[in-house]
Asker: 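Pasting in a structure now, in structure tokens, and then I'll have a few things to ask.
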Amino acid sequence: MASDGGAYRLRCSLLGHGQDVRGLTRSLFPPGGFVSVSRDRTARLWALDGLNRGFTEIHCMSGHSNFVSCVCIIPPSELYPRGLIATGGNDHNICIFTIDNPAPLYILKGHKNTVCSLSSGKFGTLLSGSWDTTAKVWLNDRCMMTLQGHTAAIWAVIILPEQGLMLTGSADKTIKLWKAGRCERTFTGHEDCVRGLAILSEMEFLSCANDATVRRWQISGACLNVYYGHTNYIYSISVFPQCKGFVTTGEDRSLRIWKKGECAQTIRLPAQSVWCCCVLDNGDIVVGASDGIIRVFTESLERTASAEEIQAFEYELSQASIDPKTGDLGDINADDLPGREHLKDPGTRDGQTRLIEDNGKVEAYQWSVSEGRWIKIGDVVGSSGATQQTSGKVLFEGKEYDYVFTIDVNESGPSYKLPYNITDDPWLTAYNFLQKNDLNPMFLDQVAKFIMDNTKGQTLSTSSEFSDPFTGAGRYVPGSSSGSSTVPGADPFTGAGRYVPGSASNEVAPVGGVDPYTGMGAYQSSEAKVENIYFPKKDAVTFDKANPSQILGKLKELNSSATEEHKLTEDDLTILEKLLSATCNTSAETPTAQQLQTLWRAVNWPEDIVFPALDILRLSVRHPTVNENFCNEKDHVHLAILLKFLNPKGKQANQLLALRALCNCFVSQAGQKLMMEHRGEIMTQAIETKSGNKNIHIALATLTLNYAVCLHKDNNIEGKAQCLSVISTVMEVVQDLEAVFRLLVALGTLISDDTNAVQLAKALGVDSQVKKYASVLEPAKVKECCRFVLNLL
């Protein structure tokens with residue numbers, strides 16, 4: 001790479017794609033090459049040619065049924081030593097290619113809208129972002145987890161160097177940091193749709209947005225800098241090797257090179273939308289634009305294009321038409337502009353633009369420091385001249401469309417927006433439009449005909465009424481609204497606020513005997529023993545310890561102060577005493593329907609007095625009769641009541657007993673079935689108690705372990721992914737070693753005999769969390785279990 005400070009010049013222009021080039025990434029094989037994707041539905045692999053100045057297309061891949069919008073390289077593995085190529089498209093799919101086959105190796109399906117961003121991580125993980133407002137984590141050909149929390153399209157995703165950390169940028173103007181599948185932080189500051197992300201270091205990253213700014217962030221949440229320079233949407237950002245600056249491209253027809261926080265060079269292109277860029281290992285910059293041409297720029301004199309090629313590029317640039325409505329050149333009044341003599345004065349900085357009037361024409365010039373001259377970058381006219389086919393794109397509700405029409409159904413009624421892509425069926429689009437807006441189906445023919453009349457030849461209507469806001473009238477000006485949703489969405493995992501830890505509650509119950517879960521003293525193994533007795537765990541762990549007389553005594557005490565509507569009669573108390581006796585095996589009786597009805601009444605007590613009733617439920621639900629009644633109940637009202645007590649703002653005693661009751665549900669097949677059917681909801685609610693005391697942590701770890709037991713039997717990889725996420729999250733906050741031990745057993749059970757689960761655990765960084773317990777001396781079971789888990793990882 002040439003020394004820093006040199007100016008970038010054209011290296012080569014590459015033809016091949018038939019439409020916009022929407023994504024670029026450098027390739028691993030062949031070294032020095034790159035991959036491009038386009039609206040022409042193809043991906044192309046480019047390699048250095050023999051002259052070391054240009055590139056040759058060596059491989060064309062097809063597999064999408066619609067536009068291809070993004071691309072990334074999946075690093076080499078034992079199975080694929082040259083890595084894989086992943087592409088995302090408007091057909092909602094992700095295609096995975098080898099570098100020597102034009103057809104996909106396999107296709108990932110799961111998103112419900114355009115896949116517009118991809119990022120690969122360690123151990124074969126892939127992160128995708130979509131207009132469906134979700135990001136998904138994939139491992140090989142399986143979706144491991146779905147990240148939910150954004151309220152509009154996700155335009156940018158990236159996996160950070162620290163395992164388990166991921167970033168997503170959205171049309172809701174926010175960036176979210178995810179750890180092990182949970183939203184840890186939301187970054188706010190951009191005033192419009194976030195379009196690109198780039199890593200600077202383990203602690204810092206960059207973002208670019210439709211607000212025409214670049215922001216530099218710390219992972220901790222602080223915005224360190226805001227960089228200004230672009231005059232319109234910024235679509236793409238890429239960092240130089242060793243993080244010595246970065247490059248951006250955007251809707252203002254420019255590539256901008258940033259060094260030391262300043263825009264060091266601006267290169268204009270003869271295309272309105274410069275969609276994407278990537279930096280090669282040698283520092284050369286590859287850009288893709290709406291004219292379908294890939295251009296490479298270099299600092300190296302040896303790799304610079306010939307004088308003829310540069311002259312041809314400058315001529316092409318000079319012939320471009322610049323729409324004054326874009327705002328790219330500021331406010332223009334032709335009557336106030338100087339003549340050609342104005343170009344005799346040198347510019348003051350690279351990229352400075354100067355407008356002149358020559359024989360009634362307005363021409364735009366840009367100052368080149370390296371050339372020491374003004375270079376013509378186009379004629380300023382009333383229209384950009386771009387066609388809908390090459391640069392048609394309109395943002396509507398955070399998504400891109402070829403057209404967004406305004407439909408007036410009747411003069412007195414409101415107007416409706418109708419988004420449309422040229423690949424859509426006009427009749428289906430019209431039908432969906434009428435359904436969405438609750439309009440009379442009699443308009444179907446009229447709306448479909450309107451669409452067809454205004455999209456003939458797939459080009460933009462000459463009438464300004466339907467002009468694309470990117471290329472014609474109604475041009476976007478930074479700072480104005482993009483129409484994206486700003487409705488704040490509660491994080492689906494953490495909800496509203498954190499719970500502050502309070503006082504400890506009941507002691508954790510031992511399981512008994514020499515089982516390593518016992519609370520009667522740690523399990524001790526001899527040094528000679530190498531057998532793994534810890535996992536995979538086969539049976540659920542329950543909380544059985546009880547003092548019925550104390551529970552009943554507390555119930556009676558609280559009942560005396562209960563309001564009349566909640567107060568139990570003496571007969572009710574006797575009924576609950578018999579239920580407790582029956583379920584604690586001190587009598588041979590079977591719980592009756594009357595006893596269960598009384599129990600459910602008690603469980604509906606107010607939050608501040610309900611805990612003894614929850615304790616009776618915790619013990620009772622182990623009995624087959626109670627378990628069946630609880631699990632087969634219509635609409636699962638009682639499960640919903642139990643989950644209500646997991647509110648992080650609620651009483652810790654209730655959280656603890658609700659968690660223990662859920663753990664005890666796993667004793668029967670019916671209970672396991674119910675718990676698995678509601679796994680997502682239960683685990684999401686349960687994780688909210690992670691700020692509780694050590695007994696809550698043990699109960700939460702036990703619930704996770706019981707899920708791991710079921711998931712090991714079913715081999716449910718998405719369920720395992722959620723469980724791994726919970727393990728990773730809880731391990732960061734627990735201090736009690738019994739809770740840690742149960743989490744280790746849960747982890748070992750999940751990853752036993754499952755290579756996909758092992759890879760996902762590594763990708764989430766769980767192995768680094770486990771290692772810190774490898775040196776624990778007491779209890780010995782923690783260290784031993786830790787060693788067995790690490791052997792699998």
Side-chain angles (χ1 to χ4, degrees), residues 180 182 184 493-511 516-522 541-547 550-551 554 558 603 605-619 621 641-665 682-707 723 725-747 769 772-773 776 778-779 781-782:
R182 288 173 49 80
E184 292 284 308
F493 291 98
T494 57
R498 296 276 184 209
Y499 179 77
V500 180
S503 59
S505 187
N506 300 344
E507 288 295 314
V508 63
V511 177
Y517 299 90
T518 178
M520 307 296 289
V541 177
T542 55
F543 291 91
D544 304 323
K545 187 178 179 181
N547 188 325
Q550 281 189 357
I551 296 171
K554 195 66 180 176
L558 293 171
V603 169
W605 267 8
E607 186 182 18
D608 55 338
I609 62 171
V610 74
F611 65 90
L614 288 176
D615 216 3
I616 295 173
L617 174 61
R618 183 261 304 185
L619 293 165
V621 81
I641 292 171
L642 208 51
L643 293 180
K644 177 188 71 176
F645 293 118
L646 299 181
N647 185 334
K649 294 182 177 179
K651 294 178 71 70
Q652 287 198 334
N654 296 340
Q655 294 172 12
L656 175 69
L657 293 167
L659 285 171
R660 288 181 174 179
L662 290 170
C663 290
N664 287 358
C665 281
I682 293 171
M683 292 297 276
T684 300
Q685 285 286 101
I687 197 69
E688 296 305 317
T689 64
K690 68 174 184 172
S691 299
N693 57 49
K694 73 170 188 175
N695 288 323
I696 289 175
H697 286 163
I698 291 170
L700 180 56
T702 307
L703 180 65
T704 309
L705 172 54
N706 287 349
Y707 269 115
C723 228
S725 173
V726 171
I727 290 169
S728 174
T729 303
V730 179
M731 269 198 168
E732 291 205 341
V733 296
V734 296
Q735 294 180 330
D736 182 83
L737 290 176
E738 180 59 33
V740 170
F741 170 68
R742 297 186 185 205
L743 289 171
L744 288 171
V745 177
L747 175 58
Q769 294 176 303
K772 63 185 180 184
Y773 295 107
V776 170
E778 292 291 338
K781 63 182 182 181
V782 172

Asker: Among all residues two or more places apart in sequence or in another chain, which pass the side-chain hydrogen bond (donor to acceptor under 3.5 Å, both in side chains) test with S728?
Answerer: Q769

Asker: Excluding sequence neighbours, so at least two apart, what forms side-chain contact (heavy atoms from CB on, under 4.5 Å) with V776?
Answerer: L737, Y773, V782

Asker: Among residues at least two apart in sequence or on other chains, which ones pass side-chain contact (heavy atoms from CB on, under 4.5 Å) with A686?
Answerer: L646, L659, L700, L703

Asker: Going by the rule side-chain contact (heavy atoms from CB on, under 4.5 Å), which residues pair with K554 if we only count those two or more places apart in sequence or in a different chain?
Answerer: E557, L558, F611, P612

Asker: Taking the side chain as every heavy atom from C-beta outward, state whether V726 and Y707 have any atom pair closer than 4.5 Å.
Answerer: no

Asker: Go through the steps for L617 and L642 under the test side chain to side chain contact (heavy atoms under 4.5 Å, CB included), then give the verdict.
Answerer: CA-CA 10 Å; L617 174 61; L642 208 51; 3.8 Å; yes

Asker: Could you tell me which non-hydrogen atom of V733 sits nearest to which non-hydrogen atom of K690, and how far apart they are?
Answerer: CG2-O, 3.6 Å

Asker: First locate atom CG of L705, then atom CZ of F741, and finally report the distance between them rounded to the nearest 0.5 Å.
Answerer: 8.5 Å

Asker: Taking the side chain from N654 and the backbone from F645, do they hold a donor-acceptor pair closer than 3.5 Å?
Answerer: no

Asker: Check A699 against R660 and note the closest heavy-atom contact, atom names and distance.
Answerer: CB-CG, 4.2 Å

Asker: If we only count heavy atoms from C-beta on, is the C723 to T704 side-chain gap below 4.5 Å?
Answerer: yes

Asker: Got a second to check how far D736's CG is from H697's NE2, nearest 0.5 Å?
Answerer: 9.0 Å

Asker: State, with a plain yes or no, whether a side-chain heavy atom of I551 is found less than 4.5 Å away from one of L619.
Answerer: yes

Asker: List the residues meeting side-chain contact (heavy atoms from CB on, under 4.5 Å) with C665, not counting sequence neighbours, and say none if there are none.
Answerer: V621, F630, M675

Asker: Compare every heavy atom of L656 with every heavy atom of I696, then report the nearest pair and how far apart it is.
Answerer: N-CD1, 3.8 Å

Asker: Between atom CD of Q655 and atom OG1 of T689, what is the distance when rounded to the nearest 0.5 Å?
Answerer: 6.0 Å

Asker: Which pair of heavy atoms, one from R618 and one from D615, lies closest together, and at what distance?
Answerer: NH2-OD1, 2.7 Å

Asker: Taking side-chain hydrogen bond (donor to acceptor under 3.5 Å, both in side chains) as the test, write out the residues that go with K644, two or more places apart.
Answerer: none

Asker: Any idea which heavy atoms bring F543 and N664 closest together, and the distance?
Answerer: N-OD1, 2.8 Å

Asker: Could you note down all residue pairs passing salt bridge (Lys or Arg N to Asp or Glu O under 4.0 Å) where residues 605-614 supplies at least one of them, sequence neighbours left out?
Answerer: none

Asker: Which heavy atom of R742 sits nearest to which heavy atom of A701, and what is that distance?
Answerer: CB-CB, 3.9 Å

Asker: Nearest 0.5 Å please: distance from the OG1 atom of T729 over to the CD1 atom of I687.
Answerer: 5.0 Å

